[in-house]
Amino acid sequence: YKTGRWSNEEYDFVQKHCKEKTYEEIATILNRDPAVVKKIVEEKFLENLPPEVAMQRRAEMGLRDSPEWMELQKQLN
């Protein structure tokens, strides 16, 4: 996978296609790690996703940021 700074063209591509393509499809086209593509979409382009998907992602991010989640991770590791 390509690493390093993202170009404006890559950000534009992600913003334009994040509704109809999967993270894996975008990652393949851009030669980027799918996990990084997912992170970029969730951090920068959440409002571009369908409302039900955006709502789910916000809930997931809220859980991951909670003290309870952090405590659970400590207990499981």
Side-chain angles (χ1 to χ4, degrees):
Y1 299 119
K2 193 164 54 169
T3 60
R5 289 183 55 118
W6 283 56
S7 70
N8 288 337
E9 291 80 13
E10 288 174 309
Y11 282 121
D12 290 344
F13 183 87
V14 172
Q15 183 176 19
K16 183 177 179 183
H17 296 285
C18 66
K19 280 187 180 181
E20 72 269 356
K21 295 191 183 300
T22 65
Y23 301 131
E24 290 79 16
E25 290 171 327
I26 293 171
T28 299
I29 293 166
L30 298 178
N31 191 27
R32 294 284 187 169
D33 185 338
V36 175
V37 171
K38 180 180 179 187
K39 182 178 177 186
I40 294 291
V41 170
E42 290 179 352
E43 287 180 357
K44 296 188 176 288
F45 305 118
L46 198 58
E47 70 280 355
N48 291 31
L49 297 176
E52 63 277 0
V53 175
M55 187 171 70
Q56 180 181 355
R57 297 291 186 264
R58 282 187 189 97
E60 289 172 1
M61 291 178 347
L63 283 173
R64 286 189 203 126
D65 293 339
S66 71
E68 292 84 2
W69 182 262
M70 291 176 200
E71 181 59 35
L72 183 59
Q73 281 186 311
K74 285 179 191 175
Q75 290 176 10
L76 293 174
N77 288 330

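Remark: Glu10 CD to Ile29 CD1 distance equals 12.0 Å, nearest 0.5 Å. Atom-to-atom distance recorded for Asp33:CG and Glu24:CD is 10.0 Å, nearest 0.5 angstrom. Here the NE2-CG distance, from His17 to Asp12, works out to 10.0 Å after rounding to the nearest 0.5 Å. Interatomic distance, OG1 of Thr3 versus CG of Asn31, reported as 9.5 Å (0.5 Å rounding). Atom-to-atom distance recorded for Glu47:CD and Arg58:CZ is 8.0 Å, nearest 0.5 angstrom. Between atom CZ of residue Phe13 and atom CZ of residue Arg32 there is a gap of 13.0 Å, rounded to the nearest 0.5 Å.
In terms of heavy atoms, Pro34 sits closest to Tyr23 at O-CB, 4.1 Å. Heavy-atom minimum distance, Glu25 versus Lys21: OE1-CA, 3.2 Å. For the residue pair Glu42 and Leu46, the shortest heavy atom distance occurs at O-CB, 3.9 Å. A pairwise comparison of heavy atoms in Cys18 and Gln15 identifies SG-O, 3.8 Å as the closest pair.
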ask   = Stepwise, does the side chain to side chain donor-acceptor pair (under 3.5 Å) test hold for Gln56 with Glu52?
value = CA-CA 6 Å; Gln56 180 181 355; Glu52 63 277 0; over 6 Å; no

key: side chain to side chain contact (heavy atoms under 4.5 Å, CB included) evaluation trace for Leu30 with Val14   = CA-CA 9 Å; Leu30 298 178; Val14 172; 3.7 Å; yes

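Checking Glu71 against Gln75 by side-chain atom types alone, a donor-acceptor pair falls below 3.5 Å.
Tyr1 and Trp6 fall into different hydrophobic clusters, defined by Ile, Leu, Val, Met, Phe, Trp and Tyr side-chain heavy atoms under 4.5 Å apart, directly or through other members. In the hydrophobic cluster analysis, where Ile, Leu, Val, Met, Phe, Trp and Tyr join through side-chain heavy atoms closer than 4.5 angstrom, Tyr11 is grouped together with Ile26. Under the 4.5 Å side-chain heavy-atom criterion for ILVMFWY residues, no single connected hydrophobic cluster contains both Leu63 and Val53.
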